[in-house]
*Asks:* 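Below you'll find the structure I mean.
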Amino acid sequence: MLDKPAPTSSVRTSGPLSGFRVVEFAGIGPGPFACMMLADMGADVVTLDRVGAKKSMKSVAGRGRKVIELDLKDKAAIAEVLDLLASADALVEGFRPGVMERLGLGPDVVLARNPKLVYGRMTGWGQEGPLANAAGHDINYISITGALAAIGTKEAPVPPLNLVGDFGGGALYLVVGVLAALLEAQRSGRGQVVDAAMCDGAASLMSFFFDMTTIGRWTEGRNQNFLDGGAHFYGVYECACGHFVSIGSIEPQFYALLREHAGLTDADFDAQMDRKAWPALKQKLQAVFKSKTREDWCRIMEGTDICFAPVLTMSEATEHPHMVARNVFLERHGVKQPAPAPRFSRTPSAVREPEGAEIGAVMAAWKR
């Protein structure tokens, strides 16, 4: 149980991680997103950024932390950072392998000062391996896992934004790893390094599809399977208005509802799981959905067990009745953004405002 008592502080904290202290070395992408989640869950996150960096109050991924500007090339600053880390529970960094070691802040040095520290490392290729020191981006990290090859049109793979590598396979696995290591440290009194590599996480996300391949239910290649756009009953369809809707009527009872509400009386639709019939059935279903507007289809299908939803833009998503009812989005400084997730019944997460801070003041507060 993560039962570390909350420190004395004038800053209101809430969430299940209240009382835990995290030092983040400023970066881009998955590291800041992971630290946003930790901060939303109540951790006291301090971001160490370069001198002159301008903290945007409108930043979504940058919300909820104290920001300290310093020069990591200055030995005196490094000494201060080591003092700060001596009172921290976790560290998060996203530099290439070896950078922290060259700064004098590698795991050996830091863990010698604070043996209970959890040292979170976020990279694309990992801390070791032939590609460890090569540059890369999300698209590269998911390319070598089998994920990108499975996503897209029949003609070519399509990058799924940078959700699979940076955030799904990267940030979320880093958060899970840091939390697991914090839990273990409460029992053992010893910290450890968490090597979170986007290629590792993206490969892990493909576990289901390796399972499906093993039992013969998945074929390598795009638009050939029931989840990759190959099946007529699981996909996206354009409406008369030019907008799109999505259906996922996999189970027989859901497929039956789709046929009922869409008027699919043609006997050809009986062959739901016949892969050879999918292309022709998809063409027929395209014509059906194009006969009405997205609004029409929402009136007919939304809220049923068809497994249906309109395909919304980000701005449209913030106004959807379900999202509004659940307060999935909030507004800060005029910027609509996702609210903290997941939700906790007794120790709710909350968004705190970022603030500037002096390293000496933070150290003093953390040593109380």
Side-chain angles (χ1 to χ4, degrees), residues 6-7 9-70 89-90 92-94 120 122 138 161-163 166-168 170-172 174-176 178-179 310-359 361-362 365-366:
S9 172
S10 60
V11 179
R12 178 191 61 79
T13 59
S14 61
L17 296 183
S18 180
F20 284 84
R21 299 153 172 171
V22 180
V23 175
E24 172 194 13
F25 288 79
I28 59 173
F33 183 81
C35 288
M36 178 201 76
M37 292 189 67
L38 296 174
D40 284 349
M41 288 188 279
D44 190 0
V45 182
V46 174
T47 302
L48 306 182
D49 210 340
R50 69 187 187 281
V51 176
K54 299 298 182 183
K55 186 67 179 177
S56 171
M57 296 295 285
K58 295 186 177 183
S59 170
V60 179
R63 69 192 186 194
R65 5 278 216 233
K66 299 181 181 73
V67 181
I68 298 173
E69 296 183 5
L70 44 74
D89 297 294
V92 172
E93 62 94 1
M122 182 76 261
D138 176 291
L161 301 180
N162 56 334
L163 295 174
D166 279 350
F167 302 115
L172 296 185
L174 176 61
V175 169
V176 169
V178 167
L179 295 182
V311 177
L312 305 179
T313 63
M314 288 189 292
S315 58
E316 289 175 328
T318 65
E319 304 299 328
H320 188 277
H322 183 78
M323 308 301 261
V324 171
R326 287 185 56 77
N327 297 311
V328 174
F329 297 94
L330 55 83
E331 186 169 321
R332 290 172 58 248
H333 304 286
V335 177
K336 283 274 190 178
Q337 58 196 268
R343 304 178 187 208
F344 301 90
S345 63
R346 186 173 53 81
T347 58
S349 297
V351 175
R352 288 179 291 161
E353 292 300 336
E355 55 184 284
E358 296 294 332
I359 193 166
V362 174
W366 281 10

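Owing to the predicted nature of the structure, the values given are computational and were not obtained by experimental measurement.
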*Asks:* Can you confirm whether more than 12 heavy atoms, excluding those of E316, are under 6.0 Å from its CD atom?
*Replies:*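 Above 12, so yes.
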*Asks:* Calculate, to the nearest 0.5 Å, the distance between atoms CD1 and NZ belonging to I359 and K66 respectively.
*Replies:*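 It is 12.5 Å, given to the nearest 0.5 Å.
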*Asks:* Can you check whether E24's main-chain N or O pairs, donor with acceptor, with T47's side chain at less than 3.5 Å?
*Replies:*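 No.
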*Asks:* Is the shortest heavy-atom distance from the side chain of T347 to the side chain of M41 under 4.5 Å?
*Replies:*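 Contact flag for T347/M41 side chains = no.
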*Asks:* Let me check something: any side-chain donor-acceptor pairs from residues 334-341 under 3.5 Å, sequence neighbours excluded? List them with distances.
*Replies:*
unit_1	atom_1	unit_2	atom_2	d
Q337	OE1	R63	NH1	2.9
Q337	OE1	R332	NH1	3.2
Q337	NE2	V335	O	3.3

*Asks:* Within the 4.5 Å heavy-atom criterion, are L179 and V175 side-chain neighbours or not?
*Replies:*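 When only atoms from C-beta onward are counted, V175 and L179 do touch, with a gap below 4.5 Å.
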*Asks:* Taking all non-hydrogen atoms of both residues, which atom of V178 and which atom of A90 are closest, and how far apart?
*Replies:*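 Reported closest heavy-atom pair: CG1-CB, 4.2 Å.
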*Asks:* Atom CE of M314 and atom CD of E319: how far apart are they, to the nearest 0.5 Å?
*Replies:*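 So the gap between those two atoms works out to 13.5 Å.
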*Asks:* Backbone N or O of G15 within a donor-acceptor pair of the S18 side chain at under 3.5 Å?
*Replies:*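 Not a single qualifying donor-acceptor pair exists.
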*Asks:* Please name the pair of heavy atoms, one in D166 and one in P30, separated by the smallest distance, quoted to 0.1 Å.
*Replies:*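 Scanning both residues, the minimum pair turns out to be O-CB, 2.9 Å.
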*Asks:* Give the C-alpha distance, both sets of side-chain angles, the deciding distance and a yes or no for side-chain contact (heavy atoms from CB on, under 4.5 Å) between D89 and V22.
*Replies:* CA-CA 6 Å; D89 297 294; V22 180; 5.8 Å; no
*Asks:* Give the minimum heavy-atom separation between V351 and D40, together with the two atoms involved.
*Replies:*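 Heavy atoms of V351 and D40 come nearest at CG2-OD1, 4.0 Å.
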*Asks:* Distance check, rounded to the nearest 0.5 Å: T318 atom OG1 versus L312 atom CG?
*Replies:*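 The distance works out to 9.5 Å.
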*Asks:* Minimum heavy-atom separation for G64 to A39, with atom names?
*Replies:*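 That would be O-CB, 3.6 Å.
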*Asks:* Check the pair W366 / V23 against side-chain contact (heavy atoms from CB on, under 4.5 Å), numbers first and verdict last.
*Replies:* CA-CA 12 Å; W366 281 10; V23 175; 3.8 Å; yes
*Asks:* Tell me, do M36 and R65 make a side-chain contact under 4.5 Å, heavy atoms counted?
*Replies:*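 M36 reaches R65 side chain to side chain.
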*Asks:* So, taking the atom named CD1 in I28 and the one named CE in M122, what distance separates them when rounded to the nearest 0.5 Å?
*Replies:*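 Between atom CD1 of I28 and atom CE of M122 there are 12.0 Å.
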*Asks:* Closest approach of S349 and P342, non-hydrogen atoms and distance?
*Replies:*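 Minimum heavy-atom separation between S349 and P342: OG-O, 4.1 Å.
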*Asks:* Please list all pairs meeting ring-ring contact (aromatic ring centres under 6.0 Å, His included) that have one or both residues in residues 25-55, counting only residues at least two apart or in different chains.
*Replies:*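 Counting only pairs at least two positions apart or across chains, the ring-ring contact (aromatic ring centres under 6.0 Å, His included) contacts touching residues 25-55 are F33-F167.
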*Asks:* Less than 4.5 Å apart, any side-chain heavy atom of L172 and any of M37?
*Replies:*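 Heavy-atom side-chain distance check passes, below 4.5 Å.
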*Asks:* Tell me the ring-ring contact (aromatic ring centres under 6.0 Å, His included) pairs involving residues 330-353, sequence neighbours left out?
*Replies:*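 Listed by first then second residue: nothing to list.
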